[in-house]
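These notes are about the structure you will find just below.
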Amino acid sequence: MTESIPVRIFPDRTEASRTLALELAALIRTINESGRPAVLGLATGRTPLPFYGELIRLHREGQLSFAKVITFNLDEYLGLPGNHPESYRAFMRRELFDHVDIPAENLNIPDGMVPPEALEAHCAAYEELIRAAGGIDFQLLGIGRTGHIGFNEPGSPRGSRTRKVELDPITRQDAAPAFGGLENVPEYAISMGCGTILEARRIALLAWGAAKADIVKEALTGPVTDQVSASFLQEHQDATFYLDAEAGSKL
Ligand code: PGA
């Protein structure tokens, strides 16, 4: 049986991001006080930018330390070196890691330059690192117009794990401006699977703007199907959608 996913709709993305940042800061503190590091699953794209801005602000104000935080990013483009500005490794440094006190050895992002013959072992090792860290306490997600979470495009099985994935044409189109043209957008990525993501103990999905309103509605109220990987969140015990008014306008 599926439960409905709690939805929180805010006037704008700043307020939504501020609320979630305060919640995450409290969660990190609670976990750290229990004597262990907090394990975060992180996302890239335009959506998390205001949220990362709020985390940095809390850190600068002395309200949040990342000294005992371990992170795992959802995905990375295949074929992009870590110093390519559109690689997710570069994105994370620019938008969050360079501005907080997180130890470099605590950051985990799939390696987009892993050679084909080592790819399967690299993906298995990523899963093992997550397990060895004790699993993900808090997973941040955006949602693509294909309904993807991570790069789990339509057809990604419920039980899928970290693996090589082919990007949907819509996803590549959405990335084209940042890459200066569709021809520059990678065709493949490494992504945590739906199964990997669903094992996180708490999940927050963020969506902003009218362009996301239809897919947000489908994920929340449509059938649970591998055609919309975000719909699997309907079967998660502790997932919440944080929306601005526009993304929530079709609900
Ligand atoms: P966006 O991408 O944040 O750039 O809209 C979201 C996603 O594809 O998950």
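Read the numbers this way: they start at 1 and go in the same order the structure lists the ligands and their atoms.
Taking the six-membered ring for Trp and the full ring otherwise, the centers of Phe72 and Tyr126 sit less than 6.0 Å from each other.
Counting only N and O atoms by type, the side chains of Tyr242 and Glu15 include no donor and acceptor under 3.5 Å apart. A side-chain donor from one of Arg163 and Ser156 sits under 3.5 Å from a side-chain acceptor of the other.
Scanning the protein heavy atoms around atom 8 (O) of ligand 1, the nearest turns out to be His148 NE2, 2.6 Å. The closest protein non-hydrogen atom to atom 4 (O) of ligand 1 is Arg46 N, 3.0 Å. Scanning all protein heavy atoms for the shortest distance to atom 6 (C) of ligand 1 gives Ile143 O, 3.6 Å.
Residue-to-ligand polar distances place Thr47 within reach of ligand 1: an N/O pair is separated by less than 3.5 Å.
The distance from ligand 1 to the heavy atoms of Gly45 drops below 4.0 Å at these ligand atoms: 3 (O), 4 (O). Close contacts of ligand 1 with Gly144, meaning ligand atoms under 4.0 Å from a residue heavy atom, involve 7 (C), 8 (O), 9 (O). Those atoms of ligand 1 that come under 4.0 Å of a heavy atom in Lys212, given as number and element, are 1 (P), 5 (O), 6 (C).
Between Gly82 and Ser87, the shortest heavy-atom contact is O-OG, 3.1 Å. Nearest heavy atoms, His59 versus His99: CD2-O, 3.4 Å.
If you look at Asp174 next to ligand 1, there are no close heavy atoms at all, none under 4.0 Å.
Classification of the Tyr77-Phe151 ring pair by plane angle, with boundaries at 30° and 60°, yields tilted.
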